[in-house]
Amino acid sequence: MSELFFIGDTHFGHKGIIKFSKTKGLRPFKTIEEHDEELVKRWNSVVSPKDDVWHLGDAVFGARNIPIIGRLNGTKRLVMGNHDIYDSHDYLKYFKRIVGAWQMDGMILTHIPVAEEQLERYFMNIHGHLHQKVLDNWRYVNVSCEQTGLTPVPYDEIINRWAEYN
């Protein structure tokens with residue numbers, strides 16, 4: 001039986017993400033190669049080839065790094081982020097689907113969080129983009145790498161969080 005996971009902001013190949021996150025101890029790597037290898041390792045330690053993963057944006061930095069996605073387990077779908085600017089043909093080699101946003105089970109999946117008035121239509125917004133920042137509203141779930149231990153988070157864990165508030 002397959003499981004469903006979420007993650008955002010892997011930033012494979014983005015040297016600047018180490019500097020951006022290092023001061024907070026969130027991506028404690030010396031090189032981008034070390035960073036990328038550790039993220040691949042962590043991803044594949046929880047996601048099996050039969051699982052499904054929604055990547056909520058900013059997958060890679062630099063088109064030459066897109067093939068790293070092929071090393072990740074699971075059937076992958078991408079909600080485009082502000083750094084996902086390369087030709088969709090290149091992404092579709094590794095992602096089953098590419099979208100700007102996706103509605104699922106009464107939730108909205110986005111890269112950038114939706115405006116609060118838009119949240120009225122959904123019970124939850126699973127998003128990335130904010131990295132270490134968390135919005136002060138339980139209906140927003142930030143799955144940026146910095147929030148998930150650099151590892152995809154299972155759907156059940158997100159739903160359990162929702163159940164705590166209801």
Side-chain angles (χ1 to χ4, degrees), residues 1-12 14 17 20-21 24-29 35-36 38-61 68-84 91-92 94-166:
M1 184 171 165
S2 69
E3 222 179 317
L4 176 61
F5 292 86
F6 298 91
I7 194 166
D9 302 290
T10 49
H11 284 259
F12 288 111
H14 186 185
I17 197 67
F20 174 76
S21 300
K24 296 164 183 69
L26 300 170
R27 296 193 195 219
F29 305 103
H35 167 272
D36 292 352
E38 183 62 23
L39 265 65
V40 168
K41 178 181 160 190
R42 291 184 190 198
W43 179 302
N44 290 337
S45 74
V46 298
V47 176
S48 81
K50 294 180 182 178
D51 291 333
D52 293 304
V53 181
W54 274 99
H55 193 300
L56 301 185
D58 291 358
V60 302
F61 199 82
I68 292 172
I69 303 301
R71 297 178 50 207
L72 304 172
N73 286 340
T75 300
K76 297 162 289 289
R77 292 165 181 82
L78 177 64
V79 173
M80 299 290 283
N82 53 296
H83 288 292
D84 299 314
Y91 290 105
L92 285 169
Y94 306 102
F95 289 100
K96 182 177 181 175
R97 180 176 296 235
I98 306 170
V99 297
W102 191 257
Q103 296 179 56
M104 182 182 94
D105 298 337
M107 300 179 291
I108 183 85
L109 310 180
T110 59
H111 176 61
I112 298 172
V114 298
E116 200 159 343
E117 55 271 11
Q118 288 295 316
L119 197 54
E120 293 173 7
R121 298 178 58 196
Y122 309 99
F123 78 89
M124 187 179 292
N125 176 205
I126 304 175
H127 65 86
H129 187 65
L130 299 182
H131 295 271
Q132 67 271 8
K133 184 178 178 185
V134 177
L135 296 175
D136 189 24
N137 182 331
W138 65 266
R139 295 175 67 197
Y140 290 99
V141 178
N142 181 356
V143 295
S144 293
C145 277
E146 291 85 353
Q147 299 295 322
T148 67
L150 308 176
T151 307
V153 63
Y155 177 74
D156 291 347
E157 188 174 314
I158 291 170
I159 293 303
N160 289 341
R161 173 186 167 173
W162 172 78
E164 289 176 17
Y165 290 96
N166 291 289

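Excluded from the calculations below are hydrogen atoms, water molecules and symmetry mates; all remaining heavy atoms, backbone and side chain alike, are included.
A donor-acceptor distance shorter than 3.5 angstrom exists from the side chain of Arg139 to the backbone of Leu119, with no hydrogens or angles considered. With Tyr140 contributing its side chain and Val114 its backbone, the two residues share a donor-acceptor pair below 3.5 Å. Under the 3.5 Å distance criterion, the side-chain polar atoms of Asn73 are matched with a main-chain donor or acceptor of Val47. In this structure, the side chain of Thr148 does not engage the main chain of Val153 through any donor-acceptor pair within 3.5 Å. A distance-only check finds a donor-acceptor pair linking the side chain of Asn125 to the backbone of Ile108 [under 3.5 Å]. Checked by atom type and distance alone, the side chain of Gln147 pairs as donor or acceptor with a backbone atom of His131 at under 3.5 Å. A donor-acceptor pair under 3.5 Å is absent between the side-chain atoms of Asn44 and the main chain of Lys41, judged by distance alone. Checked by atom type and distance alone, the side chain of Asn142 pairs as donor or acceptor with a backbone atom of Ser144 at under 3.5 Å. A distance-only check finds no donor-acceptor pair linking the side chain of Asp51 to the backbone of Thr75 [under 3.5 Å].
Contact annotation: the side chain of Leu56 approaches that of Leu109 to within less than 4.5 Å [non-hydrogen atoms, C-beta and beyond]. The shortest side-chain heavy-atom distance between Ile126 and Ile158 falls under the 4.5 Å cut-off. Put simply, the side chain of His55 does not reach to within 4.5 Å of the side chain of Tyr94, judged on heavy atoms. Side-chain contact between Phe6 and Leu4 is present, with heavy atoms from C-beta onward closer than 4.5 Å. Annotation: side chain of Thr151 is not in contact with side chain of Ile7 (no heavy-atom distance under 4.5 Å). Contact annotation: the side chain of Val53 approaches that of Trp43 to within less than 4.5 Å [non-hydrogen atoms, C-beta and beyond]. Counting only heavy atoms from C-beta outward, the side chains of Leu78 and Trp102 never approach each other to under 4.5 Å. Counting only heavy atoms from C-beta outward, the side chains of Phe12 and Leu72 approach each other to under 4.5 Å.
Taking the ring centroids of Phe61 and His11, they lie at or beyond the 6.0 Å cut-off. Residues His111 and His127 keep their aromatic ring centres 6.0 Å or farther apart.
Under the side-chain hydrogen bond (donor to acceptor under 3.5 Å, both in side chains) criterion, Arg71 pairs with Glu37, not counting sequence neighbours. Not a single side-chain hydrogen bond (donor to acceptor under 3.5 Å, both in side chains) links Gln118 to another residue, sequence neighbours left out.
Separating the NE2 atom in His35 from the CG atom in Leu150 is a distance of 6.5 Å, to the nearest 0.5 Å. With rounding to the nearest 0.5 Å, the separation of CG in Asp58 from NE2 in His83 is 5.0 Å. The distance from the CD atom of Glu3 to the CG atom of Asp156 is 6.0 Å, given to the nearest 0.5 Å. Between the CH2 atom of Trp54 and the CZ atom of Arg97 there is a distance of 6.5 Å, given to the nearest 0.5 Å. With rounding to the nearest 0.5 Å, the separation of OH in Tyr122 from CE in Met104 is 13.0 Å. Atom CD1 of Ile112 is separated from atom CG of Asn82 by 5.5 Å, given to the nearest 0.5 angstrom.
When all heavy atoms of Tyr155 and Asp105 are compared, the closest pair comes out as OH-OD2, 3.1 Å. The two residues Ala101 and Thr110 come nearest to each other via the heavy atoms CB-CG2, 4.0 Å.
Residue pairs meeting the salt bridge (Lys or Arg N to Asp or Glu O under 4.0 Å) criterion with at least one member in residues 72-81, sequence neighbours excluded, are Asp52-Arg77.
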